[in-house]
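The structure's right below; bear with me while I get my questions together.
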Amino acid sequence: MLLPVPDGTSYPLTEELLEYDVDVSWWVTPTAYQQGHYHELYHALQHWISTEFPFQAAYYSNTEIPPQSSTEIPPQANT
């Protein structure tokens with residue numbers, strides 16, 4: 001089975017990918033990338049996916065995955 005991705009290509013569904021609940025991908029314009037927004041968006045998506053959705057395992061499928069950073073948005077405290 002092949003899974004489509006937004007750019008029109010497909011990749012095979014493997015046993016490894018079956019372990020994930022959702023495939024997360026994103027993009028920014030070249031100007032936004034140069035301004036560092038690609039990394040900011042990645043960290044914001046990590047926070048959003050982990051706090052606002054019931055997913056236990058998110059797969060970030062972009063070719064370039066930013067490193068973890070001290071600028072990452074901290075998880076929300078449960079109050």
Side-chain angles (χ1 to χ4, degrees):
M1 172 181 207
L2 294 178
L3 296 177
V5 292
D7 68 0
T9 60
S10 297
Y11 58 93
L13 178 61
T14 64
E15 290 292 324
E16 178 186 336
L17 292 177
L18 290 174
E19 298 173 14
Y20 296 97
D21 301 320
V22 64
D23 182 334
V24 181
S25 63
W26 68 102
W27 63 270
V28 296
T29 64
T31 301
Y33 184 89
Q34 291 171 349
Q35 295 171 345
H37 297 304
Y38 182 85
H39 290 192
E40 291 173 4
L41 181 55
Y42 168 68
H43 293 296
L45 280 170
Q46 283 187 306
H47 176 72
W48 188 49
I49 294 294
S50 68
T51 61
E52 300 297 326
F53 293 95
F55 304 123
Q56 299 299 313
Y59 178 70
Y60 295 87
S61 60
N62 283 28
T63 302
E64 179 185 343
I65 302 296
Q68 294 300 320
S69 161
S70 60
T71 61
E72 183 174 336
I73 299 169
Q76 291 179 343
N78 291 332
T79 56

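Treat the numbers as computed from the prediction; the structure is a model and nothing was measured. Atoms considered below: every heavy atom in the structure, side chains included; atoms not considered: hydrogens, waters and symmetry mates. Positions are given from 1 along the sequence.
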Exercise. So Y33 and H39, would you call those rings parallel, tilted or perpendicular, with 30° and 60° as cut-offs?
Worked result: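 Because their plane-to-plane angle is over 60°, the rings of Y33 and H39 count as perpendicular.
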
Problem set entry | Within 6.0 Å of CD in E64, more than 12 heavy atoms from elsewhere |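 Atom CD in E64 is crowded, with more than 12 foreign heavy atoms closer than 6.0 Å.
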
For this session: Measure the spacing between CD of Q46 and CD1 of I65 and express it to the nearest 0.5 Å.
Result: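 Here the interatomic distance stands at 8.5 Å.
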
For this session: Over all heavy atoms of both residues, which pair between Y38 and N62 is shortest? Give the atoms and the distance, please.
Result: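 Closest approach of Y38 to N62, heavy atoms only: OH-ND2, 3.0 Å.
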
Problem set entry | Partners passing ring-ring contact (aromatic ring centres under 6.0 Å, His included) against F53 (at least two apart in sequence or in another chain) |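 Counting only residues at least two positions away or on another chain, F53 forms a ring-ring contact (aromatic ring centres under 6.0 Å, His included) with W48, F55.
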
Exercise. For D21, which residues count as a side-chain hydrogen bond (donor to acceptor under 3.5 Å, both in side chains) partner, sequence neighbours excluded?
Worked result: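 Applying side-chain hydrogen bond (donor to acceptor under 3.5 Å, both in side chains) to D21 gives none.
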
Exercise. Taking C-beta and beyond as the side chain, do L17 and Y59 meet within less than 4.5 Å on heavy atoms?
Worked result: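 Yes, at least one pair of side-chain atoms sits under 4.5 Å.
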
Problem set entry | Steps toward side chain to side chain contact (heavy atoms under 4.5 Å, CB included) verdict (Y42, Q68) | CA-CA 10 Å; Y42 168 68; Q68 294 300 320; 3.7 Å; yes

Exercise. Is there a donor-acceptor pair closer than 3.5 Å between any side-chain N or O of D23 and the backbone N or O of Y60?
Worked result: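 Here the side-chain-to-backbone pair does not exist.
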
Exercise. Which atom names give the shortest non-hydrogen contact between P66 and W26, and what distance separates them?
Worked result: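 The answer is CD-CZ2, 4.0 Å.
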
